[in-house]
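Note that ligands are numbered from 1 as they come in the structure, with each ligand's atoms numbered from 1 the same way. For reference, positions follow the sequence shown, starting with 1. This one's a predicted model, so the numbers in the text were calculated from it and none came from an experiment.
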Amino acid sequence: MADSNRPLYHFLPPSNWMNDPNGLIQWQGTYHLFYQYNPNAAHWGDIHWGHATSPDLVHWTHQPIALTPTPGGLDEGCFTGCAVNWDGQPTLVYTGWTPERETVCLATSRDGLLTWEKHPRNPVIAAPPPGLDLVGFRDPCVWREGEVWKMVLGSGIRGEGGAALLYASPNLLDWTYEGPLLTSQWIDKAPLATGDMWECPNFFRIGDRHLLFFSAMNIDPGDSLYPVYILGKYQDNRFTPEKVGWLDGGEVNCYAPQAFVDEAGRLILFGWAREGLTPEAQEVNGWAGVMTLPRQLELNPDGNLSIRPVPEVEKLRGEARVWENLQVALDETLLLQDFGGDCLELEVVYNLTESGLDGAVGLVVRRSPKGEEQTEIRCDLAGKRLVINTLRSSLRTDAQTGHFEIPFDLGEEKKLRLRIFLDKSILEAYANDRAVVTARIYPNREDSQGILLFAHQIPAQVEKLTAWRMNSAF
Ligand code: DQQ
């Protein structure tokens with residue numbers, strides 16, 4: 001039972017706990033994925049940096065642990081950070097954590113990113129700027145701007161809200177605080193609240209704009225965690241927000257995302273999909289935490305964010321089945337006969353020219369023959385949102401369920417292309433390469449493998465549905 005929910009083509013460590021992606025970098029052709037890791041248990045704690053490498057972003061080889069905490073030292077936990085090329089030397093910029101203190105530390109490698117030496121000058125940032133009352137001070141994201149290194153750090157100003165703090169350095173060792181890059185005070189709260197603490201800020205050029213994204217942590221009232229993006233203009237250390245939204249509608253199912261620019265210049269992101277199980281169930285499994293697929297971020301000509309799996313994901317495809325011209329009548333369902341599965345990619349292309357947009361279309365996956373277990377992916381065209389509903393995904397009592405959605409407006413387009421990545425307990429749904437929702441599901445019945453199409457208030461004309469069985473990432 002324990003491993004029937006373990007994903008096959010999404011990245012995860014051999015065992016135990018994983019959270020945030022860290023130190024993403026392509027170095028001399030090879031992709032490196034580091035991650036927050038507890039090597040001794042399937043729960044958070046004793047945080048190391050795990051490490052894996054890949055030639056293509058989708059096939060992974062596990063590597064030895066990269067960073068180990070120093071008991072009694074600056075980094076009793078090696079918390080989140082990034083990787084940079086420091087004049088030819090691979091360098092990790094990470095958070096040294098103790099219960100009392102968060103600092104910025106460096107580690108360098110002399111053997112091709114396998115083993116790491118903590119820098120003798122650590123910590124390179126020893127304390128928050130004086131005069132700021134902060135709820136957190138961590139998760140450096142570093143980039144090069146001309147001759148200068150720049151960094152944003154995740155923070156929150158007590159009583160005010162989240163903040164991204166901007167630093168500059170001539171040499172990666174000596175840092176000066178330049179002021180906030182952005183705080184929640186500068187953002188119109190609509191359409192979303194951005195939390196008390198901005199964890200894991202990331203800042204990149206994208207097209208002719210800049211993209212700031214972070215993980216909004218709501219401490220009061222607690223326990224609401226989700227990734228937020230802001231598109232805007234960046235000039236002279238000032239970032240002027242123009243557009244704010246959710247990076248993924250799955251909330252904590254795509255948390256602490258991190259991006260990097262690869263050698264081809266692509267901006268690529270991984271997020272951490274947390275388990276939706278009780279701690280006891282995680283311990284039974286012996287593993288916890290999965291990475292999303294690598295996602296490519298671009299700026300569309302209309303100024304909106306495009307988000308889609310990198311094309312390399314197609315290398316994971318195995319045997320394909322194709323259906324053409326499927327008609328789902330108004331308020332009817334259509335079960336795919338003789339086909340099902342729990343490790344699939346599905347591509348569904350709808351032509352909505354005749355039906356119009358006054359309803360909803362979608363699919364149910366991991367459906368037991370009588371529907372006791374089922375997970376719904378719904379494109380609500382009238383309500384302009386993409387939804388994953390996991391309320392009936394599992395008969396287990398130790399699995400969380402929920403309703404996850406993100407705004408999605410088909411606009412003038414007449415075609416809807418849903419891409420659905422189902423990998424045992426993780427589900428990613430993309431609509432027209434610009435909206436994504438990630439969910440975790442834990443069906444309990446072996447026969448929860450069925451796939452059904454539905455149409456609400458309008459008929460659905462499916463031009464083409466392709467299903468691929470997916471191969472392992474390892
Ligand atoms: N996880 C790390 C922190 C970060 C948080 C600790 C986000 O550095 O703020 O494991 O999940």
- Side chains of Tyr94 and Asp75: is there a donor and an acceptor less than 3.5 Å apart? yes
- Taking only non-hydrogen atoms of Asp20 and a 4.0 Å limit, the atoms of ligand 1 in range are 1 (N), 2 (C), 3 (C), 4 (C), 5 (C), 7 (C), 11 (O)
- Quick one: look up the protein heavy atom nearest atom 6 (C) of ligand 1 and list residue, atom name and how far away it is. Gln36 OE1, 3.2 Å
- Residue pair Trp272 / Asp20, side-chain donor-acceptor N/O under 3.5 Å: no
- Query: Counting both backbone and side chain atoms, is some N or O of Trp272 under 3.5 Å from an N or O of ligand 1?
  - Reply: no
- Message: Counting only heavy atoms not in Lys384 (residues, nucleotides, ligands), do more than 12 fall under 6.0 Å from its NZ?
- Response: no
- Query: Relative to ligand 1, is Thr95 under 4.0 angstrom through side chain, backbone, both or neither, heavy atoms considered?
  - Reply: neither
- Item | Proximity of Trp97 to ligand 1 by residue part, where a heavy atom lies under 4.0 Å | neither
- Among Tyr37, Phe474, Tyr35, whose ring pair (Phe, Tyr, Trp, His ring centres under 6.0 Å) with His62 holds? Phe474
- Task: Determine whether the side chains of His403 and Glu405 contain a donor N or O and an acceptor N or O closer than 3.5 Å.
- Result: yes
- Message: So if I count the atoms of ligand 1 from 1 in the order they appear, which ones are less than 4.0 Å from some heavy atom of Tyr255?
- Response: 7 (C), 11 (O)
- Query: Are Tyr442 and Gln400 linked by a side-chain donor-acceptor pair shorter than 3.5 Å?
  - Reply: no
- Note on the structure: Short version for Asp139: what comes under 4.0 Å of ligand 1, heavy atoms counted, is side chain
